[in-house]
Amino acid sequence: MSEIPRAYEPGKIEKKWYDFWLKQNYFTPEIDRKKKPFVIIMPPTNVTGELHLGHALTATLEDVMVRWHRMRGEPTLWLPGTDHAGIATQVVVERQLAKQGQTKDEIGREKFTSLTWEWANKSRENIRHQHQLLGASCDWAREKFTLDEGPNKAVRTAFVRLYDRGLIYRGERMINWCPRCQTAISDLEVEHEDIVGHLYYVHYPLTESKGFVTVATTRPETFLGDTAVAVNPADKRYKNLIGKSVTLPIIDKEIPIIADDAVDTSFGTGALKITPAHDPTDFEVAHRHNLPMVAIMNPDATMNENAGPYKGLERFACRDKVLADLQDKKLLEKIEPYSHSVGHCGRCQTMIEPKVSLQWFVRTQPLAKAAIEAIKDGRVIIIPERFTKIYFDWMENVRDWCISRQLWWGHRIPVWYCHDCGKLTVSVDEPSTCIHCGSKQIIQDPDVLDTWFSSALWPHSTLGWPEDTDDFRHFYPGSVMETGYDILFFWVARMIMMGLEDTGKIPFHTVYLHGLIRDESGEKMSKLRGNVVNPVEAINKYGVDALRFALTTGTAPGNDINLGKSKLESSRNFVNKLWNATRFILQSLDTEKLESKSIELQPQKIEDQWIDSQFNKLVQNVTGLMEEFQFGEAEQQIYDFIWSKFCDWYIEIAKIRLRNQLTLSPLPLLVNILEKSLRLLHPFMPFVTEELWQSLKERLPDKDQMPTSIMIAAYPMVSDKAFAPEAERVMDSVIEIIRSIRNVRAQYKTKLTKWIEARVYADELLSGLVTQANIIETLAKVHPLTILGRQKREPTKDEDLVLVLKETEVVIPLAGMLDRLAEEQRLMKESKEINEIIAQLEARLRDNAFLSKAPSPVIEREKQKLTKLEDRLNRLHHELSQLNSSSADS
Ligand SMILES: [Zn+2]
Ligand SMILES: [Zn+2]
């Protein structure tokens with residue numbers, strides 16, 4: 001039988017058990033058509049970069065759910081996967097190329113894509129490894145990547161179906177354009193930053209008469225693309241000018257003055273320059289008034305031929321030149337400082353250029369309607385519920401979704417353009433000819449799809465859709481989608497829309513949203529602040545179980561989580577406490593053998609019934625909490641039970657009986673409660689529970705009938721016959737009595753070894769407390785202990801201390817306890833007196849009048865006196881500190 005080591009060393013056991021679970025194939029469910037499966041499709045991890053705490057949180061929460069359901073006997077599938085992460089990955093690889101002095105255009109699309117595949121494969125390996133470190137019990141045999149053949153076919157199929165239904169179209173729309181990445185990017189990928197810029201007031205001369213209109217703009221260079229000046233029809237200042245025209249300076253172009261209700265009269269001068277191709281609001285104004293669009297920039301944000309004399313200039317150089325020219329012509333009225341929010345590319349920090357371009361869009365409103373219904377009628381539930389309103393707000397105002405990206409890394413858009421007839425062939429499989437004219441001169445759209453397009457199909461594409469696979473039929477829809485609340489719209493909403501659209505069914509029944517992780521003081525974690533906790537470092541230092549526990553204990557769904565050193569340390573302390581308790585029980589088992597089946601015995605003694613009843617209550621609470629997704633509270637209750645009730649009370653009580661061979665042994669019940677507690681804790685702390693459970697199992701007589709691993713053992717169930725309210729009442733009182741006597745001892749600094757006397761007036765609990773007298777005596781160090789019935793209301797003597805407790809009264813004669821306190825007071829008093837005399841002596845020895853008049857033997861005597869007193873004071877201090885240290889932790 002293997003010895004259980006003195007200290008818990010997580011690193012040694014984690015790999016051992018993960019490999020064991022993998023070898024036993026526990027993570028792969030068997031398809032049993034008679035049983036309803038529990039299914040989580042893991043949010044695909046981006047193949048960029050390292051695992052951070054957010055991933056660790058996701059992996060932990062999902063693993064908790066999955067292990068719990070598996071232990072409840074449900075066929076359980078947790079399907080892991082990774083996301084190609086479009087622009088994010090492409091930028092990482094471009095940066096690597098740049099370090100070698102190369103660009104993607106130099107090496108070409110094919111070479112670049114193969115380099116990116118190499119990077120992605122390495123990264124996927126790393127992600128898989130890190131999830132295994134965390135103990136994630138997901139089915140690696142079913143692992144998917146968004147660019148795998150299956151999900152790729154799903155993407156093309158979904159595109160073609162939407163196109164055929166008229167829900168995908170190509171059109172000119174305003175998008176966020178990154179001139180460095182040279183692609184459209186989603187709103188999510190734009191970071192807004194407040195900057196202090198300038199507001200330039202520019203004169204536009206009237207065409208037919210003298211005078212001018214002044215417009216205010218933050219981007220004067222865009223005047224080259226203006227196609228109108230708009231004023232509010234209610235604005236008296238400009239009433240007479242509506243319908244007239246102005247001539248753009250420098251390029252001498254005539255543009256109309258129009259009226260539009262959307263013009264804000266308080267901004268600038270109230271006359272707004274309209275640049276439809278480079279501003280989202282202007283784009284909409286232009287649509288209402290049928291204005292032309294004039295794009296003035298190339299994809300790299302240099303000026304194009306529409307910029308006339310400025311053609312070829314970079315956008316900011318152009319601004320400088322435009323300002324200088326306007327100044328020359330005395331058309332620049334004034335410049336004011338102006339703070340405004342400017343969008344930057346989230347990947348490369350380049351300033352975003354709003355731009356009209358020809359892109360592919362999904363008509364989202366018809367899809368959103370069905371997705372709103374699914375939440376309204378309760379087919380999909382969002383936890384916590386408060387996010388439901390946010391979901392509706394967003395979905396009811398949803399805008400068309402730009403799905404094309406000018407990137408090389410991703411799902412190529414399945415559209416081919418015909419050189420001969422100009423028509424489009426939209427097809428799942430690569431066509432060899434144009435379906436309209438049969439021409440072989442067709443060329444595929446160079447763009448790829450937004451990475452969220454494939455993510456939106458993730459719940460069904462991972463299970464084999466559009467093929468009618470066993471997995472799809474058995475595991476779709478999934479049970480829970482667990483993710484961060486920050487991507488409710490970008491991802492969760494789109495999965496619901498696309499799941500309903502493609503399969504006619506909701507993709508999952510429950511959406512569980514977790515919060516963001518902050519540092520101990522609630523601050524956002526950032527590299528700049530230096531408060532980032534690296535999960536791999538935390539694992540090395542505290543162990544996986546402690547990290548998992550710290551991440552999830554005591555938190556509620558959707559709430560942000562504070563994590564730092566102290567939480568990690570207290571989680572590790574908990575693991576150590578469990579380890580030491582188990583070690584004690586195992587050592588007892590090595591000296592006293594259990595008889596077969598004895599761990600199923602019905603508890604006899606009050607304390608046994610109490611712990612059994614308390615455990616049963618815990619199981620009842622935990623089961624309820626888990627069903628309501630309150631994992632943090634479930635963990636907190638398990639922690640409280642194991643730490644306090646089991647370790648601090650029951651084991652200490654059991655030790656009394658273990659020392660006394662004549663009474664009934666508590667060992668069967670110790671083993672029973674420990675074994676069940678380990679199972680209860682397993683979903684949260686898989687490694688240490690498996691290690692301890694296996695060591696325990698080795699020592700049990702019926703080990704051959706037990707499962708091969710705790711992870712496939714049954715989760716504890718409530719047993720009605722275990723509830724023992726009467727035993728709980730007695731033991732609650734026993735604990736309260738011991739606690740209050742201990743408090744009194746601490747207060748009076750009673751020596752740990754000293755026995756004190758106590759009387760307990762037990763009232764109704766008399767018969768119960770009498771049976772527990774030995775426990776009170778030993779744990780409160782009380783002798784003699786007298787337990788009496790009803791308190792006779794005789795006046796108590798002054799020197800008796802009376803503790804009025806919930807159901808009992810405890811009387812402690814103070815006589816035996818006071819000596820220590822009196823001793824302390826005596827020492828304090830003496831040292832105070834000596835201090836005063838010392839102060840007087842010192843004052844005299846500093847007094848020049850005394851020193852000059854007194855004979856030297858007198859001065860010498862005073863000095864000796866001082867030295868003696870200082871010696872005495874030192875000895876007093878020493879005695880006092882000894883007195884205090886010997887009464888500590890009593
Ligand atoms: Zn960029
Ligand atoms: Zn054709």
Side-chain angles (χ1 to χ4, degrees), residues 46-49 83-99 102-107 109 112-113 115-116 119 160 163-164 170 173-193 195 219 278 280 295 297-302 314-316 341-357 359 402-410 413-452 490:
N46 283 352
V47 290
T48 48
D83 196 310
H84 65 284
I87 186 170
T89 307
Q90 177 158 331
V91 169
V92 171
V93 178
E94 279 180 35
R95 280 205 188 116
Q96 283 192 336
L97 273 182
K99 275 186 200 151
Q102 282 181 304
T103 68
K104 72 176 199 307
D105 298 289
E106 281 164 24
I107 64 168
R109 186 164 189 155
F112 181 80
T113 311
L115 266 181
T116 315
W119 156 270
V160 172
Y163 181 82
D164 289 346
R170 198 170 181 231
R173 289 290 181 279
M174 183 63 61
I175 46 107
N176 305 301
W177 180 263
C178 173
R180 198 221 63 91
C181 298
Q182 299 214 7
T183 177
I185 62 175
S186 76
D187 291 340
L188 181 71
E189 289 155 339
V190 177
E191 288 171 2
H192 290 274
E193 203 181 308
I195 62 163
R219 300 160 75 212
H278 293 276
M297 278 179 216
N298 296 311
D300 62 356
T302 57
E314 191 274 332
R315 56 181 164 165
F316 298 112
S341 165
V342 175
H344 289 78
C345 171
R347 299 296 162 195
C348 73
Q349 266 59 53
T350 303
M351 199 182 281
I352 289 302
E353 198 57 51
K355 178 175 142 165
V356 167
S357 79
Q359 302 283 351
C402 173
I403 50 168
S404 44
R405 295 291 183 272
Q406 292 63 53
L407 301 170
W408 286 355
W409 179 241
I413 291 176
V415 173
W416 286 259
Y417 305 102
C418 177
H419 182 267
D420 293 329
C421 72
K423 287 185 180 156
L424 272 54
T425 301
V426 179
S427 162
V428 174
D429 300 309
E430 183 161 359
S432 52
T433 55
C434 168
I435 52 161
H436 305 284
C437 73
S439 162
K440 286 195 160 76
Q441 302 276 320
I442 53 171
I443 182 162
Q444 190 173 5
D445 193 303
D447 291 354
V448 300
L449 288 164
D450 179 11
T451 189
W452 294 99
F490 290 98

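Order of listing sets the numbers, starting from 1, for every ligand and every atom in it.
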Exercise. About how large, to 10 degrees, is the angle SG of C348, then the Zn ion (ligand 1), then SG of C181?
Worked result: 110°
Exercise. Are T89 and T451 side-chain neighbours, meaning at least one heavy-atom pair lies under 4.5 Å?
Worked result: no
Problem set entry | Three-point angle C437:SG, the Zn ion (ligand 2), C418:SG, rounded to the nearest 10° | 100°
Exercise. So, is H436 placed with an N/O/S atom under 2.8 Å from the Zn ion (ligand 2), counting both backbone and side chain?
Worked result: no
For this session: Test R347 against E94 for salt bridge (Lys or Arg N to Asp or Glu O under 4.0 Å), laying out the working first.
Result: CA-CA 11 Å; R347 299 296 162 195; E94 279 180 35; over 6 Å; no
For this session: Would you check if the side chain of H344 reaches a backbone N or O of V342 as a donor-acceptor pair within less than 3.5 Å?
Result: yes
Exercise. Is H419 close enough to the Zn ion (ligand 2) to have an N, O or S atom under 2.8 Å?
Worked result: no
Exercise. When you measure from the side chain of Q90 to the backbone N and O of W408, does any donor-acceptor pair fall under 3.5 Å?
Worked result: yes
